[in-house]
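Computed from a predicted structure; not experimentally measured. Each residue takes its place number in the sequence, starting with 1.
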Amino acid sequence: MPFIDIFAWIVLAVVAATLVACFVALGAMPGRIARRRGHPWAQAVAIGSWATLICGFVFWPLILTWAYVDAPARREAPR
């Protein structure tokens, strides 16, 4: 096997490992952000992030936005 073939396989392995690492980093990012900010539904944000990445990445920006937005506290109506 010539050197160029071995080099090509090494490059292919590095690219595959980089793609997997990016996928894992993107999947974990909204959950980590939500937990760090004390989001009331941090676990739901984390699950939503992984679910949208696995199912096509379409709603991932929405989940990332949700990680930054806290639900406002309920106020009692004045009597």
Side-chain angles (χ1 to χ4, degrees):
M1 186 178 269
F3 172 75
I4 195 73
D5 289 343
I6 296 171
F7 181 72
W9 281 108
I10 291 171
V11 168
L12 183 65
V14 167
V15 167
T18 303
L19 287 174
V20 168
C22 287
F23 186 81
V24 169
L26 286 174
M29 185 174 24
R32 247 188 269 141
I33 290 169
R35 273 187 242 103
R36 191 177 326 132
R37 294 176 55 86
H39 197 283
W41 297 303
Q43 188 66 31
V45 171
I47 291 170
S49 173
W50 284 108
T52 58
L53 273 181
I54 291 170
C55 294
F57 195 72
V58 175
F59 292 113
W60 187 84
L62 179 67
I63 298 295
L64 184 62
T65 303
W66 187 24
Y68 280 105
V69 177
D70 292 340
R74 292 190 98 163
R75 294 188 215 167
E76 292 290 325
R79 295 180 189 202

Applying side chain to side chain contact (heavy atoms under 4.5 Å, CB included), name anything that partners [X], two or more places apart in sequence or on another chain.
X: A46; result: R35
X: I6; result: M1, I10
X: F3; result: F7
X: A44; result: W41, W66

Practice task
Could you list the residues that satisfy ring-ring contact (aromatic ring centres under 6.0 Å, His included) with F57, not counting sequence neighbours?
Solution key: W60
Handout entry: By ring-ring contact (aromatic ring centres under 6.0 Å, His included) - contacts of W50 (at least two apart)
Key = none
Problem - Check: Y68 main-chain N/O paired with H39 side-chain donor or acceptor under 3.5 Å - result: no
Problem - Sidechain-backbone polar pair: S49 side chain, A28 backbone, donor-acceptor under 3.5 Å - result: no
Problem - Closest contact, heavy atoms only, V45 versus A67 - result: CG1-CB, 3.8 Å
Exercise for the section: Using the rule that two of Ile, Leu, Val, Met, Phe, Trp, Tyr join whenever any of their side-chain heavy atoms come within less than 4.5 Å, decide whether L19 and V11 are in one cluster. Expected result: yes
Practice task
Answer yes or no: is there a side-chain heavy-atom contact under 4.5 Å between I33 and L64?
Solution key: yes
Problem - Side chain proximity check, T52 to V58, heavy atoms < 4.5 angstrom - result: no
Exercise for the section: To the nearest 0.5 angstrom, please state how far the CD1 atom of I63 sits from the CD1 atom of I47. Expected result: 10.5 Å
